[in-house]
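Read through the structure below, which is laid out as structure tokens, and then see the notes.
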Amino acid sequence: MGKSSKDKRDAYYRLAKEQGWRARSAFKLIQIDEQFNLFDGVTRVVDLCAAPGSWSQVLSRILIKGESFGRRAWEEKQRRERRIAAEAAGVIQDEIHQDELEITLKPREGVKIVAVDLQPMSPLDGITTIKADITNPLTIPRILQALDPETYNSDTSDGGHPVDLVISDGAPDVTGLHDLDIYVQAQLLFAALNLALRVLKPGGKFVAKIFRAKDIDLIYAQLRCFFEIVHCAKPRSSRASSLEAFVVCEGFNMPKGYRLDPEKPLGLGANRPQRDEGESLKDKEGFVDRQRRTVKDDGVTILEFESDEEDENRWIAPFVACGDLSAFDSDATYHLPKDRVSLDPVQPPTAPPYKRALELRRQQGGLYGKTTKAPAK
Ligand code: SAM
């Protein structure tokens with residue numbers, strides 16, 4: 001499919017190139033921030049599965065450069081224009097106008113951003129990039145060391161809990177086998193969560209991509225053991241036709257006595273804790289979670305699941321659509337002017353998994369090889 005047809009089919013793909021974002025995913029993070037005020041008070045962030053880096057670009061532009069985007073930027077622009085008009089009419093003095101201008105550019109102090117991906121990522125100003133697998137427990141000390149090289153203790157692998165926000169846009173290479181893709185995605189989510197539990201400050205936030213598939217409520221319930229608030233967010237820039245959504249978890253609170261064990265990370269696999277008697281968790285409406293939390297004699301907290309018979313007790317995270325209704329619809333096709341020039345991607349992938357296939361194709365003289373003609377339509 002040619003570039004221009006993708007331009008028409010996907011408004012956010014086009015907009016990303018126009019605005020200098022490395023990927024259209026940037027709009028997903030911006031729209032989640034618009035809804036949840038994600039970056040409020042945030043200075044230390046870990047961006048997991050970050051390549052090619054559009055989420056890191058958003059972090060860099062909001063936290064390091066102090067820019068604003070989306071609805072917030074629009075509101076600030078409106079306010080500024082009103083001020084300028086009032087000033088022109090002699091109502092407001094110069095220093096207030098200056099004050100207003102500062103609202104749009106507010107770099108934060110002490111910002112530290114670490115981006116991690118399996119793929120190499122082109123550098124971004126002020127961001128430390130690590131090429132690593134988030135499912136590997138050894139990645140955690142590398143992140144902690146990158147966050148605070150001076151205070152990190154390599155003997156104990158202790159870097160404290162210095163992070164305000166962990167974001168993860170992790171996605172495996174899709175196989176097309178639906179169940180397998182959903183399973184691998186869930187494993188990435190648990191890897192991201194395990195990592196977040198090791199680095200987040202009390203009260204910290206966690207945002208991660210999910211596929212809203214069968215049994216997603218098990219994941220919501222597990223998240224609610226660690227976070228006071230869990231939402232399922234669907235940004236307008238994420239296609240409505242896709243199962244993709246994002247969990248937005250706020251108010252990190254490690255359950256009392258819960259022991260993190262890198263050898264037995266949290267997940268849906270065989271390491272699922274054993275059933276035991278214990279207190280049930282109730283939400284505000286009085287529904288009992290499918291997951292129970294049990295405190296054993298030695299003070300270790302066990303997390304476990306209820307059986308499928310208790311379906312009426314399943315807890316579903318509130319679903320929140322993010323992004324203005326006036327924003328582009330990611331499922332719509334837009335008509336473009338004929339004289340429109342299609343832009344190149346902002347940052348071509350550095351080492352895409354399909355690189356070898358492209359090289360082979362080039363060596364063989366194109367898609368159908370030197371000697372073979374393209375099949376007739
Ligand atoms: N948020 C990114 C952005 O805005 O540019 C896009 C992320 S892309 C949808 C998904 C990324 O997940 C890919 O770059 C892939 O390499 C990465 N990924 C998949 N499995 C991973 C793993 N186990 N560890 C680290 N990164 C992983």
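Below, each value reflects all heavy atoms present in this structure, side chains not excepted, and no hydrogens, waters or symmetry copies. Values in this document were obtained by computation on a predicted structure and should not be read as measured data.
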Hydrophobic cluster membership, L188 vs L118, 4.5 Å side-chain cutoff | no
Is I229 isolated, or which residues cluster with it under the ILVMFWY side-chain rule of less than 4.5 Å, directly or via members?
->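 Answer for I229: none, a lone residue.
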Got a sec, which hydrophobics cluster with F319, joining ILVMFWY side chains under 4.5 Å apart, including via others?
-> none
Charged N-O contact under 4.0 Å between [X] and [Y]:
X    : Y    : result
R224 : D217 : no
E359 : R362 : no
E244 : K209 : yes

Non-neighbouring partners of R61 that pass side chain to side chain donor-acceptor pair (under 3.5 Å), sequence neighbours left out |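 Side chain to side chain donor-acceptor pair (under 3.5 Å) check on R61 returns E67.
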Not counting sequence neighbours, which residues clear side chain to side chain donor-acceptor pair (under 3.5 Å) with D133? List them please.
->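 Per chain and number, D133 pairs via side chain to side chain donor-acceptor pair (under 3.5 Å) with T135.
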Partners passing ring pair (Phe, Tyr, Trp, His ring centres under 6.0 Å) against F211 (at least two apart in sequence or in another chain) |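 Ring pair (Phe, Tyr, Trp, His ring centres under 6.0 Å) list for F211, sorted by chain: empty.
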[X] [atom1] to [Y] [atom2] distance, which is reported to the nearest 0.5 Å:
X    : Y    : atom1 : atom2 : value
S122 : R22  : OG    : CZ    : 5.0 Å
D181 : L243 : CG    : CG    : 10.5 Å
D47  : S60  : CG    : OG    : 11.5 Å
K234 : K28  : NZ    : NZ    : 8.0 Å
D164 : L200 : CG    : CG    : 8.5 Å
W21  : Q57  : CH2   : CD    : 6.0 Å

Between W55 and F246, is the ring centre distance below 6.0 Å?
-> yes
Q31 side chain to S237 backbone, donor-acceptor under 3.5 Å |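 Indeed, once roles are kept as given, a pair shorter than 3.5 Å links the two residues.
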With distance as the sole test, does Q185 use its side chain to make a donor-acceptor pair with the main-chain N or O of L180 at under 3.5 Å?
->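 Not confirmed, Q185 side chain does not pair with L180 backbone.
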At their closest point, which heavy atom of V320 faces which heavy atom of H231, and how far apart are they?
-> CG2-CD2, 3.6 Å
What residues form a salt bridge (Lys or Arg N to Asp or Glu O under 4.0 Å) with K131, not counting sequence neighbours?
->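 K131 satisfies salt bridge (Lys or Arg N to Asp or Glu O under 4.0 Å) with no residue once adjacent residues are dropped.
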For D10 and R239, run salt bridge (Lys or Arg N to Asp or Glu O under 4.0 Å): C-alpha distance rounded to whole Å, both residues' side-chain angles, the deciding distance at 0.1 Å, then the answer.
-> CA-CA 10 Å; D10 188 338; R239 292 184 189 98; 2.6 Å; yes
